[in-house]
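Let me begin by presenting the structure, written as C-alpha cells, before commenting on it.
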2 protein chains.
Amino acid sequence: MNRVLLIEDDLQMQGLIKEYLERFHMDCFACSTPGEALEALKKERFDIAVLDLMLPQMDGFDLYKEMKKIADIPIIISSARGDIGNKITGFELGAEDFLAKPYDPRELVLRIEAALKRGQRSTLYKIGDLTIDEANRRIFIEDYEIELTKAEFDVLLALIKNRGKTLSREQIVALASLDPQTRRRTVDMHISNIRQKIGDDPKKPKYIKSLWGIGYRFE
Amino acid sequence: MNRVLLIEDDLQMQGLIKEYLERFHMDCFACSTPGEALEALKKERFDIAVLDLMLPQMDGFDLYKEMKKIADIPIIISSARGDIGNKITGFELGAEDFLAKPYDPRELVLRIEAALKRGQRSTLYKIGDLTIDEANRRIFIEDYEIELTKAEFDVLLALIKNRGKTLSREQIVALASLDPQTRRRTVDMHISNIRQKIGDDPKKPKYIKSLWGIGYRFE
DNA sequence: TGTTTTATTGACAATTCCTTGAAAATTTAG
DNA sequence: CTAAATTTTCAAGGAATTGTCAATAAAACA
C-alpha cells in the first residue's frame, strides 16, 4: 500500500483529499505545518508527498528543499494558480508533477499513480567518480556528463555489470550485444575510446584493467 | 443558464460577441469600462468573465486583480496579439484561458464552454522559454503561441512528460499514442518539424537532443 | 463535394560511428 | 637483452543513422 504525505493548510481541503486518497487505497498522513511534515518524514517512510506551496510559517520552496534532504521521494506541488508567477516554477525546482488549485481530487489520484509508476527509477551504478544510469543510458563523472556512443556505452555497461570478473573480448561482444561478427581489435578500439572519455590511463587504470592475453576487467 | 461578464471597449465588437453568446444560450452582460465591470461583479453572479486587456481608464492587469478579489470566477483574457509581449502572460496571471485578437466568436463560445465544463484547470509545463498547456493543447514560446499539429503536439508532450529520459522512436510512438504502425523515419520528421517550430537547432539543441542509434531525449 | 491541412515516404546530403590496417608502445618468453 | 606476441592508438574508409526537402497519400474540414 502506498504511503502519501499530504501537506495542506486548508483543513477542509485536507480532509477531502485524505478521504479521497484512502478511498483509492492509499495510506495518507496529512499535516498542515512544515514542522509536522519534516517530523513525519524523519520518522516514517513515504512513497510520495503532495505539497501545497502556500503555507504560513515557512516558504514553500524552502520546505521543499528541506524535505528533499531528508528523503528523496517524488513531490507533487500544488499551488493557487498565479501565485507562482514570475518566480521559479515547480518544475524548475525539480518537482515530480505540478497541480494548479483548485484541482479535482480524482486528478490528484491519477497523478500520484502516474508518478509512482514512473518513479520506478532506472538503476544507477555508482563506482568511484562514475555514475551510470542504465535505462537512460547516461554516464556521469563527478556530476559532469560524459557522452558515449551506443557501442561504447554497451561495452562499459557490460564491464560494470560484471565488474571484478575478467572478460574475454568474445564475452564482451556477447554481453554488450554487439554485432556477433565484431572483431577483437574493434573491442580494443571501443575500450580505448571509453578510457579516453572517462579519463582512464591504460598504464595504471583506475577502472578498466587489461589482462595480457586474456581480456579486460572492470574494478 | 450560464452568465457571462463581457468587458470590451470596442462597442461594435461588444455587440457582435454579445449577440453570439446569446445565440448559444448564454446570458451576457456587456460593459466597456472597468468601473462598470467591477460594479456588475459586485452586484450580480457570473459564471465566467471575458476581459479585453486593452482598456482605457485602468490597466487591464489591475482590473483583473480587482475582479479576482471580488469574485474568483474563471476569466478568459483577450488581447491584441503581441501586446502581451515580454510582460507577464495571461496564464501567469492565472487566467483560465487566453485568446489573441481578432478571434472568431465561435471559438470564444467553445472556450467558454470548455472552461465551464472543465471547472478545474489544466496543467502547465514550463521549461525554459516553453510553456505547454496540456488540456488546451497549446504551446507558447516566450508568451507567443506556436501552432503544432496533433502528432507534433503529442510527440512533444510525450517527450516533456519523460524529460531527462532517453526514448527510442518506438517508445515515442507508444507514449504519444500515435498509430502503432508509425515508422521510425516518420518520428524523425515530426521531431524535425517540432524543432523548426520551437526554434531548436539539431546541432546544438536546447530542448530535443538526438542520441545516435538510440532515439531522442528532452532536457 | 472540393479544398486545405497533416502524415508519410523516398531521396539525398550531412553527419556520426564502426571497422580496419598499420605503426608505435608494451609485455612476456627465451 | 632480444624477439615475438599482444595491446594501444592513429587515421582513413566505409557503413549506418539522422536531417530535411519535396512529392504523395491520407485525413480533416468546410
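Naming: A, B, ... by sequence-line order, numbering from 1 per chain. Since we're looking at a predicted model, the values are computed, not measured. Just the heavy atoms: all of them, side chains too, but no hydrogens, waters or symmetry mates, feed the values below.
- Considering only heavy atoms from C-beta on, B/Tyr207 stays 4.5 Å or farther from B/Leu156 through its side chain.
- One finds the CD1 atom of A/Ile76 at 4.0 Å from the CD1 atom of A/Ile48 (value rounded to the nearest 0.5 Å).
- Listed nucleotides D/dT18, C/dT9, C/dC17 differ in distance to B/Tyr216; the shortest reach to its side chain belongs to D/dT18.
- In the set C/dG21, D/dT18, C/dA7, D/dT18 carries the atom at the smallest distance from any side-chain atom of B/Arg185.
- For the pair A/Ile194 CD1 and D/dT9 C1', the computed distance is 15 Å after rounding to whole Å.
- For A/Asn193 and C/dT19, the CG to P distance is 11 Å, given to the nearest whole Å.
- Whole-Å rounding puts the B/Asp179 CG to C/dA7 P distance at 12 Å.
- The pair A/Glu134-A/Lys161 meets the salt-bridge criterion, since a charged nitrogen lies less than 4.0 angstrom from a carboxylate oxygen.
- We find that CG of A/Leu211 is positioned 10 Å from P of C/dT28, with the value rounded to whole Å.
- As a whole-Å value, the separation of B/His190 NE2 from C/dT6 C1' is 9 Å.
- Looking at the side chain of B/Ser210, the nearest of the listed nucleotides D/dT18, D/dT8, D/dT7 is D/dT18.
- Using a 4.0 Å cut-off, no side-chain N or O of A/Thr182 falls inside it from OP1 or OP2 of C/dC18.
- For the pair B/Asp201 CG and C/dA14 P, the computed distance is 16 Å after rounding to whole Å.
- Atom CD in B/Glu152 sits about 13 Å away from atom C1' in C/dT8, given to the nearest Å.
- If you take CD on B/Glu219 and NZ on B/Lys209, they are separated by 5.5 Å, rounding to the nearest 0.5 Å.
- Contact between the side-chain N/O atoms of B/Thr149 and the OP1/OP2 oxygens of C/dT5 is not found at any separation under 4.0 Å.
- Here D/dT9 is the nucleotide among D/dT9, C/dA11, C/dC18 with the atom lying nearest to any side-chain atom of A/Met189.
- If you measure from atom CG of A/Leu148 to atom P of C/dC17, you get 10 Å, rounded to the nearest angstrom.
- No salt bridge links A/Glu147 with B/Arg217; every basic N to acidic carboxylate O contact stays at or beyond 4.0 Å.
- Side chain of B/Lys203, nearest nucleotide from D/dA11, C/dT15, C/dA11: C/dT15.
- Along DNA chain C, the nucleotide nearest A/Arg183 and the nucleotide nearest B/Lys150 are compared for position; the residue whose nucleotide lies closer to the 5' end is B/Lys150.
- For A/Trp212, counting side-chain heavy atoms from C-beta on, the closest listed nucleotide (D/dT6, C/dC18, C/dT16) is D/dT6.
- The side chain of B/Arg169 approaches D/dT18 more closely than any other nucleotide in the set C/dA7, D/dT18, C/dT19.
- Picking from C/dT8, C/dT19, C/dC17 the nucleotide with the shortest atom distance to the side chain of B/Thr186 gives C/dT8.
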